[in-house]
Amino acid sequence: MALVSEYLGQLCLNIGSCEPKSPTVVPVMDFDPDRDAARIETAIKTKGVDEQTIIDVLTKRTYEQRREIAFAYERRAKKDMITALKGALSGSLENVILGLMKNTTQYDASEIRGSIKGLGTDEETLIEILCSRSSEELVDIKKVYKELFKKELEKDVAGDTSGNFAKLLLALVQTKRAEASAVVDYEKIDEDAKALYAAGVAIKGTDVATWISILSERSVPHLQKVFQRYKSYSPYDMQESIEKEVKGDLQKSLLVLVQCFENKQLYFANRLNEAMKSKGAKEKMVTRIIVSRCEVDLKKVCSEYKTKFGQSLQKTILEHTKGDYQKVLLSLCGPEN
């Protein structure tokens with residue numbers, strides 16, 4: 001009986017393909033791509049552009065349905081819908097709508113590419129995506145990255161980062177994480193907890209290689225138990241240990257990893273709160289999280305947000321954004337539960 005409950009626990013905790021989804025954007029049942037394409041065409045041709053109709057249609061259809069609308073639009077208007085939307089929209093609304101015209105994997109790959117190319121690196125974006133996606137998602141991102149940009153993600157990451165920070169990101173991109181097992185190996189959990197302690201808090205300096213190896217190669221349910229066990233060896237929990245032992249981008253990445261292992265949706269809720277309430281709301285971060293999670297787990301992110309901050313994400317969006325950008329974000333988040 002104990003084994004059965006452990007197994008069920010593993011299934012629920014596993015990150016990746018069998019992680020239960022909780023999207024806010026779901027397929028619309030009475031779907032007619034031709035009718036939607038006609039509405040989009042009229043909205044674009046309207047003097048001053050009818051942004052509300054574009055928001056109403058595209059935020060309430062899944063990526064697969066949006067793609068069908070784009071095909072129908074092209075047949076009808078004899079022009080590419082994405083190009084037409086680019087010409088009709090601008091600013092924050094344009095960024096969200098064009099983001100929705102990519103699937104989640106394409107969007108992630110494009111955001112990574114955007115964070116790497118050009119002068120300087122946007123480490124924040126790179127860390128958020130690479131440290132919060134499951135191995136299955138990273139395998140898909142690598143494939144799509146190569147298709148879209150004719151480059152290897154590993155090479156680009158290696159060329160744009162350095163030191164232990166680069167080693168950690170490359171270890172994640174190499175996707176060597178073990179799959180969740182139905183059997184809980186308590187001996188291995190204890191061994192890993194001891195090894196993490198011995199490589200950090202227990203010594204002067206930090207054996208970063210050991211931390212990277214354990215955190216990038218063990219399954220998520222295993223690591224969740226390791227972190228629990230770790231507390232019986234260390235006076236600090238895993239997050240506190242990371243804060244004490246390492247600095248800079250390596251610290252940020254390790255913290256994101258551990259937070260996502262413990263509760264990924266809470267991590268995104270915290271990010272949204274920080275982005276929305278920071279001086280000059282970090283629109284780029286808000287857009288990225290809401291667009292990339294709306295067909296994955298945004299409903300759960302909204303629920304974690306309300307539990308943690310005592311008010312809904314929708315209410316925070318109302319307080320900190322305005323205009324069409326506010327409308328498109330609220331539409332993607334869906335009604336308050």
inquiry  = A side-chain contact here means heavy atoms from C-beta on lying under 4.5 Å apart; do Val286 and Leu329 qualify?
reply    = yes
Shortest non-hydrogen pair, Lys102 vs Ser110, comes out as CE-OG, 3.5 Å
Rounding to 0.5 Å, atoms OG1 (Thr83) and OH (Tyr73) come to a distance of 9.0 Å
inquiry  = Taking Met101's backbone N and O only, do any of them form a donor-acceptor pair with Arg66's side chain (distance below 3.5 Å, no angle check)?
reply    = no
Minimal heavy-atom distance between Lys60 and Val28, with the atoms involved, is O-CB, 3.8 Å
Keeping the roles fixed (side chain from Gln224, backbone from Phe261), state whether a donor-acceptor pair exists under 3.5 Å.
yes
Between Ser234 and Val201, the two heavy atoms sitting closest are OG-CG2, 4.1 Å
Note: Lys146-Glu152 ion pair, threshold 4.0 Å (strictly below): yes
Between Ser292 and Val296 the two heavy atoms that sit nearest each other are O-CG2, 3.5 Å
Mark yes or no for whether Gln326, through its side chain, and Thr321, through its backbone, hold a donor-acceptor pair below 3.5 Å. yes
Taking the side chain as C-beta and beyond, is there a heavy-atom pair between Leu89 and Asp324 under 4.5 Å? no
With a sphere of 6.0 Å drawn around CZ of Phe309, does it hold more than 12 non-hydrogen atoms of other residues, nucleotides or ligands? yes
When rounded to the nearest 0.5 Å, the distance separating CZ of Arg113 from CG of Asp108 is 15.5 Å
Less than 4.5 Å apart, any side-chain heavy atom of Ile189 and any of Tyr186?
yes
Of all heavy-atom pairs linking Asp30 and Arg35, the shortest is O-NH2, 2.9 Å
Is the backbone of Glu240 close enough, under 3.5 Å, to the side chain of Asp237 for a donor and an acceptor to pair up by distance? yes
Between Asp297 and the options Arg293, Lys300, Lys299, the salt bridge (Lys or Arg N to Asp or Glu O under 4.0 Å) test singles out Arg293
(request) Verify salt bridge (Lys or Arg N to Asp or Glu O under 4.0 Å) between Arg271 and Glu128, making sure each step is shown before the conclusion. (result) CA-CA 9 Å; Arg271 291 279 285 167; Glu128 182 195 292; 2.9 Å; yes
**OP:** Would you please classify the geometry between the Tyr230 ring and the Tyr197 ring as parallel, tilted or perpendicular, with 30° and 60° separating the classes?
**Re:** perpendicular
Taken to the nearest 0.5 Å, the spacing of Ile214 CD1 from Thr210 OG1 works out to 6.5 Å
Arg218 and Lys188 have their tightest heavy-atom pair at NH2-NZ, 3.6 Å
* Sub-3.5 Å donor-acceptor pair from the side chain of Gln314 to the main-chain atoms of Gly334, do we have one? -> yes
- When you measure from the side chain of Ser331 to the backbone N and O of Lys327, does any donor-acceptor pair fall under 3.5 Å? no
Check: More than 12 foreign heavy atoms under 6.0 Å from CD of Glu147: is that the case here?
Finding: yes
Distance col, row Ile116:CD1 vs Thr161:OG1, nearest 0.5 angstrom, shows 8.0 Å
Judged by atom type as modelled, is there a donor-acceptor pair below 3.5 Å linking the side chain of Gln251 to the main-chain atoms of Val246? yes
Worksheet item: Under 4.0 Å between a Lys/Arg side-chain N and an Asp/Glu carboxylate O for Lys282 and Glu274?
Response: yes
Residue Lys155 excluded, over 12 heavy atoms near NZ under 6.0 Å
no
Got a donor-acceptor contact below 3.5 angstrom from the Arg67 side chain to the Thr62 backbone?
no
CG of Asp122 to CD1 of Ile127, rounded to nearest 0.5 Å, is 9.0 Å
Exercise. Does the Thr206 side chain pair with the main chain of Val208, one donor and one acceptor, at a distance under 3.5 Å?
Worked result: no
Checklist entry - Distance-only, no hydrogens or angles: does the Glu111 side chain make a donor-acceptor pair with backbone N or O of Arg288 under 3.5 Å? => result no
